[in-house]
Amino acid sequence: MAKKVAIIGGGSSGLCAIKACLQEGLEPVCFERTGDIGGLWRFEEHPEEGRASIYRSVIINTSKEMMCFSDFPIPEDFPNYMHNSKIMEYFRMYAGHFDLLRHIRFRTSVCRVAKRPDFSATGQWEVVTESEGKQEAAVFDAVLVCTGHHTDAHLPLSTFPGLEKFEGWYLHSRDYKSPQPFLGKRVVIVGTGNSGIDIAVELSHAAKQVFLSTRRGTWVMHRVADGGYPFDFAYISRFIQLLLSLLPQNASNFLLERKLNARFDHALYGLQPRHR
């Protein structure tokens, strides 16, 4: 009798977990709290509780050659760096090709996962789920947690003294969807991570003025490398990794920093970090 596996989440990891279980002759049941697959990559106008939330313009920062599932290449006519709608299209193609959707129970939340009393002998788990207000318990031989991250906003308001007197509007990037509400406004963006830089660029076309605040600067890597090849495709290779392993750390830092500064001088733009 096939062993039963509970998979929590129907995003990119959940989908390939179902497929891998089927390949190994296991019986997967995937629990997805929303009504659709895609997790992080499914854009919705309003943020949903318990799910990561993206803005309308999000484009992935990994090239299609590097991000595709190894047994299901992304179609050739898809762009190198895909918009979130294209990523969803790819996930649907993948799920359809391997017939994964019939193993997913949508609008079903996992409330509790606990070892069974006889766990030391059987290795089994009890999984309690809830759907349409009804709870149900089932026994599984294994549990795969594919819930992802970026779910909860980190908004340390206590570190901004005087914020309670601020008459403007503040929000986390999780609640940002498009530039329209910021037309003609002065905006400060705190943080130079992927979302911070993305949103700063987008708002610069709509807002009156945009300030980008960074605690310690950052090295900005462009998506496109020499010859127009995707950066990760060009630099994440066995040859480059061998070269980096043979060079002293200072030398490899020097070469990469020189490459990044050739595109724009980080010091000139106030982004030069102290770290290498």
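Here, residue 1 is the first one in the sequence, and each next residue gets the next number. The basis for the numbers below is simple: all heavy atoms, side chains too, and nothing from hydrogens, waters or symmetry mates.
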- request: Could you give me the CA-CA distance, side-chain angles and deciding distance for I236 and M66, then say whether side chain to side chain contact (heavy atoms under 4.5 Å, CB included) is met?
  value: CA-CA 9 Å; I236 304 175; M66 287 294 186; 3.7 Å; yes

- request: Mind running salt bridge (Lys or Arg N to Asp or Glu O under 4.0 Å) on E126 and K115 for me, showing each step along the way?
  value: CA-CA 6 Å; E126 183 178 78; K115 291 177 178 178; over 6 Å; no

- request: Output, in order, the C-alpha distance, side-chain angles, deciding distance and verdict of side chain to side chain contact (heavy atoms under 4.5 Å, CB included) for R33 and S109.
  value: CA-CA 5 Å; R33 69 186 298 167; S109 299; 3.7 Å; yes

- request: Go through the steps to decide whether S57 and D198 satisfy the test side chain to side chain contact (heavy atoms under 4.5 Å, CB included), and finish with yes or no.
  value: CA-CA 9 Å; S57 61; D198 246 7; 5.8 Å; no

task: Start with the C-alpha distance between Q124 and R116, add both sets of side-chain angles, then the distance that settles side chain to side chain contact (heavy atoms under 4.5 Å, CB included), and finish with yes or no.
output: CA-CA 6 Å; Q124 290 183 323; R116 299 257 295 157; 3.9 Å; yes

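The cluster map of Ile, Leu, Val, Met, Phe, Trp and Tyr, joined by side-chain heavy atoms under 4.5 Å apart, puts W41 and F106 in the same cluster. Residue L212 is not grouped with residue V190 when hydrophobic side chains (ILVMFWY) are merged at heavy-atom distances under 4.5 angstrom, including chains of intermediate members. Criterion: ILVMFWY side-chain heavy atoms under 4.5 Å apart, direct or through other members. Under it, M82 and F231 are not part of a common hydrophobic cluster. L246 and Y235 fall into different hydrophobic clusters, where Ile, Leu, Val, Met, Phe, Trp and Tyr are joined by side-chain heavy atoms under 4.5 Å apart, directly or via other members. Transitive grouping of hydrophobic side chains (ILVMFWY, heavy atoms separated by less than 4.5 Å) brings M93 and I87 into a common cluster.
For the residue pair C30 and G9, the shortest heavy atom distance occurs at SG-O, 3.2 Å. Taking all atoms of both residues into account, the shortest heavy-atom contact from A207 to V187 is CB-CG2, 4.0 Å. Smallest separation of non-hydrogen atoms from A17 and L144: CB-CD1, 3.9 Å. Taking both residues in full, the closest heavy atoms of G217 and T192 are given as O-OG1, 4.4 Å, listed atom of the first, atom of the second, then distance. Across every non-hydrogen atom of L40 and A52, the tightest pair is CD1-CB, 3.4 Å. Smallest separation of non-hydrogen atoms from P179 and A206: CB-CB, 3.9 Å.
The salt bridge (charged side-chain N to carboxylate O under 4.0 Å, His left out) search around E89 returns K86, not counting sequence neighbours. In this view, H97 and F72 satisfy the ring-ring contact (aromatic ring centres under 6.0 Å, His included) rule, not counting sequence neighbours. When the ring-ring contact (aromatic ring centres under 6.0 Å, His included) test is applied to H266, the partners found at least two apart in sequence or on another chain are W219, F264.
Residues S53 and K177 have side chains that bring a donor and an acceptor to within less than 3.5 angstrom of each other. When only modelled atom types and interatomic distance are considered, T129 and E136 share no side-chain donor-acceptor pair under 3.5 Å. Side chains of E202 and S204: no donor on one and acceptor on the other come within 3.5 Å. For the residue pair S63 and N80, no side-chain donor N or O sits within less than 3.5 Å of a side-chain acceptor on the partner.
Remark: C16 SG to I7 CD1 distance equals 9.0 Å, nearest 0.5 Å. To the nearest 0.5 angstrom, M67 atom CE is 12.0 Å from Y81 atom OH. To the nearest 0.5 Å, atoms CD (E132) and OG1 (T108) are separated by 8.0 Å. How far CZ of R102 is from CZ of R105: 15.5 Å, rounded to the nearest 0.5 Å. How far OG1 of T122 is from CG of D141: 8.0 Å, rounded to the nearest 0.5 Å. Expressed to the nearest 0.5 Å, how far CG of L22 lies from CG of L100 amounts to 6.5 Å.
Dense packing is recorded around CD of E164, with more than 12 heavy atoms of other residues, nucleotides or ligands lying under 6.0 Å away. Counting heavy-atom neighbours within 6.0 Å of F98 CZ, excluding the residue itself, gives a total above 12. The local environment of CD in Q241 is crowded, with over 12 non-hydrogen atoms from other residues, nucleotides or ligands closer than 6.0 Å. Surrounding NE2 of H275 are more than 12 heavy atoms belonging to other residues, nucleotides or ligands, all under 6.0 Å away. By the 6.0 Å contact criterion, CZ on R223 is enclosed, its count of non-hydrogen atoms from other residues, nucleotides or ligands being greater than 12.
Within the structure, no pair that satisfies the ring-ring contact (aromatic ring centres under 6.0 Å, His included) test touches residues 142-168, not counting sequence neighbours. Applying the ring-ring contact (aromatic ring centres under 6.0 Å, His included) test to residues at least two apart or on different chains, the pairs with a partner in residues 49-69 are Y55-Y176, F69-Y90, F69-Y94.
R107 and E32 are not joined by a salt bridge, as no carboxylate oxygen comes within less than 4.0 angstrom of a charged side-chain nitrogen. Between K259 and D226, at least one side-chain nitrogen of the basic residue sits less than 4.0 Å from a carboxylate oxygen of the acidic one, meeting the salt-bridge criterion. R92 and D36 are joined by a salt bridge, as a carboxylate oxygen and a charged side-chain nitrogen come within less than 4.0 angstrom of each other. Classification of E257 and R276 as a salt-bridged pair holds, one side-chain N sitting under 4.0 Å from a carboxylate O.
The side-chain heavy atoms of E65 and I74, taken from C-beta on, include no pair separated by under 4.5 Å. Side-chain contact check for W169 versus P181: some heavy-atom pair is nearer than 4.5 Å. Side-chain contact check for N261 versus Q272: some heavy-atom pair is nearer than 4.5 Å. L260 is not listed as a side-chain neighbour of V220, based on a closest heavy-atom distance of 4.5 Å or more. Looking at V224 and P230, their side chains never come closer than 4.5 Å, going by heavy atoms from C-beta outward. Within the 4.5 Å cutoff, the side chain of P47 has heavy atoms near those of the R174 side chain. The shortest distance between side-chain heavy atoms of L15 and F91 falls below 4.5 Å. Annotation: side chain of S245 is in contact with side chain of L242 (closest heavy-atom distance under 4.5 Å).
For the pair K19 (side chain) and A95 (backbone), a donor-acceptor distance under 3.5 Å is absent. The main-chain N or O of E45 is never found under 3.5 Å from a side-chain atom of R56 such that the two would form a donor-acceptor pair. No donor-acceptor distance shorter than 3.5 angstrom exists from the side chain of R42 to the backbone of M88, with no hydrogens or angles considered.
Under the 4.5 angstrom side-chain criterion for Ile, Leu, Val, Met, Phe, Trp and Tyr, the cluster partners of V113 are I8, V29, F31, V110, F119, W125, V127, F140, V143, V145.
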